[in-house]
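Notes to accompany the following structure.
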Amino acid sequence: MDKRDLNNPGEDEKSAPVHFIRHVIDDDITSDKYNGRVVTRFPPEPNGYLHIGHAKSICLNFGLGLEYGGKCHLRFDDTNPEKEETEYVDSIKADVKWLGFNWGNDLYYTSDYFDRLYEYALELIRRGKAYVDSLSAEQIREYRGTLTEPGRKSPYRSRGVEENLALFEQMRDGGFSEGQCVLRAKIDMASPNMVMRDPALYRIRKKNHHRTGDKWCIYPMYDFAHCLSDSIEGITHSLCTLEFTNNRELYDWILDTLAIYHPQQIEFARLNITRTILSKRKLISLVSEKIVDGWDDPRMPTISGLKRRGYTPEAIRDFCERIGVAKRDSIVDIALLEHCLRQNLNRRSPRVMGVLHPLKVVIENYPEGKTEYLDAINNPEDPSMGKRSVPFSRQLYIEQDDFMEDAPKKFFRLAPGREVRLRYAYFITCREAVKNERGEIIELRCTYDPKTRGGDAPDGRKVKGTLHWVSAAHALEATVRLYDHLFSVDDPAASADELTSLINPRSMETLDGCMLEPSLAAATPGARFQFERLGYFCADSRLCLPGKPVFNRTATLRDTWARIQKKKGKAG
RNA sequence: UGGGGCGUAGUCAAGCGGUAAGACACAGGAUUUUGGUUCCUGCAUUCGGAGGUUCGAAUCCUCCCGCCCCAGCCA
């Protein structure tokens, strides 16, 4: 029986695709390598915000833990006091939770193991496998050799065990200044794998650590701390990205040399997505150069940015499942992310009407001062979401794009003499387009057919187009921010050009004076809607003021008409 | 020019000696009170290239080519 099916009972969750890591785990279970246990971990360094690349790792690790009836630890890899802060651990916890994962009691910090790590370092020294090197950082670099030439042994490499023990203790006790010496593993300065040329294990940093304060002035390096933390926690499968492949040899060496419990490291390719960037360094520069408005700018691929943009955890999890897990470098089309988003939002979002670029319409044969309340379905995908009432009156707004003075045959919307349906309301016919002195259309004069109330003609006549609309007297005025891809090229990271020159100039457009149906006045920050015929929008969690909402466009709807026009534009 | 990893459609990705899954994208068509959704249909005679083994190769062997990672006291 496949465990995956048991753990994914959701009616529309397809069974998870297989990938090479599942094969490894299946084999390990068959061979009883870890007595059937599966324990993974997500080990972020608390030095920045999580992004969708981390989401891939989170979904993988927590997903596998759940799926195999095991668990996944959340471990903060806080070995570098210079870069790590409590602010980041809080945001990371919040983001993991928001994505829908639960670490239960398994919340750890590498800094919790500093005492044990120190003991392991002592043990390595006693075994003659580590030494205190007094070379400077620059000298160590010179001694390391190059990719094609072997390195040379440090003159301090032959220090005796007792001397090393004493020196290391002195390092711990603050007897040296930063950079004066370092603890190194004694492996092989001629190894073709650079990682194995006597890697540093401990360095001196006289910095306050966000959790251990000033207790320590020596801090373990990643390679030393990570494998040991995995070992201490009884991790079975230690998943990391491809760039750590070379480090696996060291991971194995430390654990084997110490002869302790040995999890296995497995590498997979990190996520790349078109039209965005997922390198922490580059993301930081977007924020610090104020190209975007903070880590949670709705254009950012950070979890907080996606959340503010209106993405759902379900959509992100679905995406992470669909992209697969493999070892080859790849760049996933952002259209797949958007597909997952729309699929989720389509099922769950209440429909609503809002006009972004208002054009006034006067229904000449509709009584002045009259207001009718018409029934509108909240979500045709889900009848349980019910209905609402929408006010209709003599003066309305429709979308400017929904009218054309000289309309081609294929244009199904309003034009002089043409009849269309106003959604859930009436059929109207355009009688006249009123222009201002500059020749711009400022108002449409129309008539309605009272017999078509609700949107159906008793005589069975059909109209091709259905428009969304808002009653002018009842409209809620709002600001709407239209978001689009951050970059205008597929792979900005691969471009030789300056990152700033690749930013999509239309990645954000602010529209004031948008007219929304009055029910939206009750929208709480973060609430998501489908504005019919336009896209998915959410009330911004930062900018909304009472009575003065701001909506973010999360994604457009697929727009066949726009595509036809674009194609025509290209052809002609 | 050292070592390691990886090459299957426009983009991801299954495949593990028996004759190329699936998804996105794209292109047609049907249904539709959202030009949305949904539903059909099409989309690799071939797996980076060349040889070889085999009745049979994306899968095994050899050589070649290309891309990525490693010379932090970052992770």
Side-chain angles (χ1 to χ4, degrees), chain A residues 14 17-20 23 43-45 47 77 79-80 82-83 133 135-137 140-142 144-151 178-184 190-197 199-205 218-219 221-223 225-226 240-249 267 269 274 280 319 322-340 342-343 346-347 351 353 376-377 380-381 410-413 421-425 427 452 454-456 462-468 490 530-535 556-564:
Chain A
K14 303 162 202 85
V18 295
H19 51 66
F20 80 100
H23 287 313
E45 181 187 14
N47 72 340
D77 206 353
T79 59
N80 187 346
E82 293 184 318
K83 307 199 295 186
D133 196 351
L135 248 29
S136 69
I140 287 183
R141 194 184 321 128
E142 285 161 22
R144 186 152 31 225
T146 68
L147 295 178
T148 51
E149 305 158 51
E178 283 190 19
Q180 207 179 337
C181 52
V182 66
L183 183 74
R184 288 230 256 171
S191 172
N193 181 357
M194 300 296 287
V195 173
M196 299 300 277
R197 322 246 262 227
L201 265 23
Y202 267 91
R203 78 291 217 184
I204 298 167
R205 285 289 175 274
I218 56 170
Y219 292 92
M221 301 289 292
Y222 165 85
D223 285 309
H226 203 89
C240 62
T241 46
L242 247 33
E243 64 269 26
F244 291 99
T245 305
N246 291 328
N247 302 249
R248 187 178 63 234
E249 193 177 351
E267 310 86 17
T274 57
K280 211 182 255 185
F319 172 73
R322 290 189 194 220
I323 54 177
V325 181
K327 292 186 87 119
R328 88 178 73 141
D329 292 315
S330 60
I331 180 162
V332 177
D333 193 335
I334 196 166
L336 179 59
L337 213 211
E338 293 166 344
H339 168 82
C340 295
R342 290 192 184 103
Q343 188 173 275
N346 177 49
R347 287 188 326 212
R351 312 288 130 122
M353 290 193 286
I377 293 164
E381 304 293 321
K410 291 290 196 83
F411 186 79
F412 300 154
R413 285 109 98 142
R421 168 167 42 233
L422 292 180
R423 179 138 235 226
Y424 300 127
F427 284 12
T452 57
D456 278 309
K462 301 284 183 214
V463 287
K464 287 290 256 183
T466 300
L467 311 186
H468 60 279
D490 274 345
Q530 183 197 99
F531 288 11
E532 291 212 41
R533 303 210 303 134
L534 296 175
T556 60
L557 251 30
R558 280 184 73 227
D559 190 344
T560 309
W561 172 241
R563 255 197 329 215
I564 291 167

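To find a chain, count down the sequence lines: A is the first, B the second, and so on, and within it residues start at 1.
- Residue A:R351 is in base contact, counting any heavy-atom pair closer than 4.0 Å across all strands shown.
- Heavy atoms of A:E381 sit under 4.0 angstrom from at least one base atom.
- Using Watson-Crick or G-U wobble geometry with both donor-acceptor distances under 3.5 Å, B:C67 finds its partner in B:G5.
- Counting only heavy atoms from C-beta outward, the side chains of A:R563 and A:R558 approach each other to under 4.5 Å.
- The partner of B:U45 cannot be assigned: no Watson-Crick or G-U wobble pair with both contacts below 3.5 Å exists in any strand.
- The aromatic ring of A:W561 is stacked on the base of B:G35, with the two ring centres less than 5.5 Å apart and the planes inclined by under 30°.
- Side-chain atoms of A:Q530 come within donor-acceptor range of the base of B:U34, with a qualifying N/O pair under 3.5 Å.
- Distance, A:M196 CE to B:G2 C1': 15 Å, rounded to whole Å.
- Contacts of A:S136 with the nucleic acid, taken as non-hydrogen atoms under 4.0 Å apart, include base atoms.
- Separating the C1' atom of B:U45 from that of B:U38 is a span of 34 Å, rounded to the nearest Å.
- When heavy atoms are screened at a 4.0 angstrom cut-off, A:Y424 is found touching base atoms of the nucleic acid.
- Looking at every heavy atom in both residues, A:R197 comes nearest to A:R184 through O-NH1, 3.5 Å.
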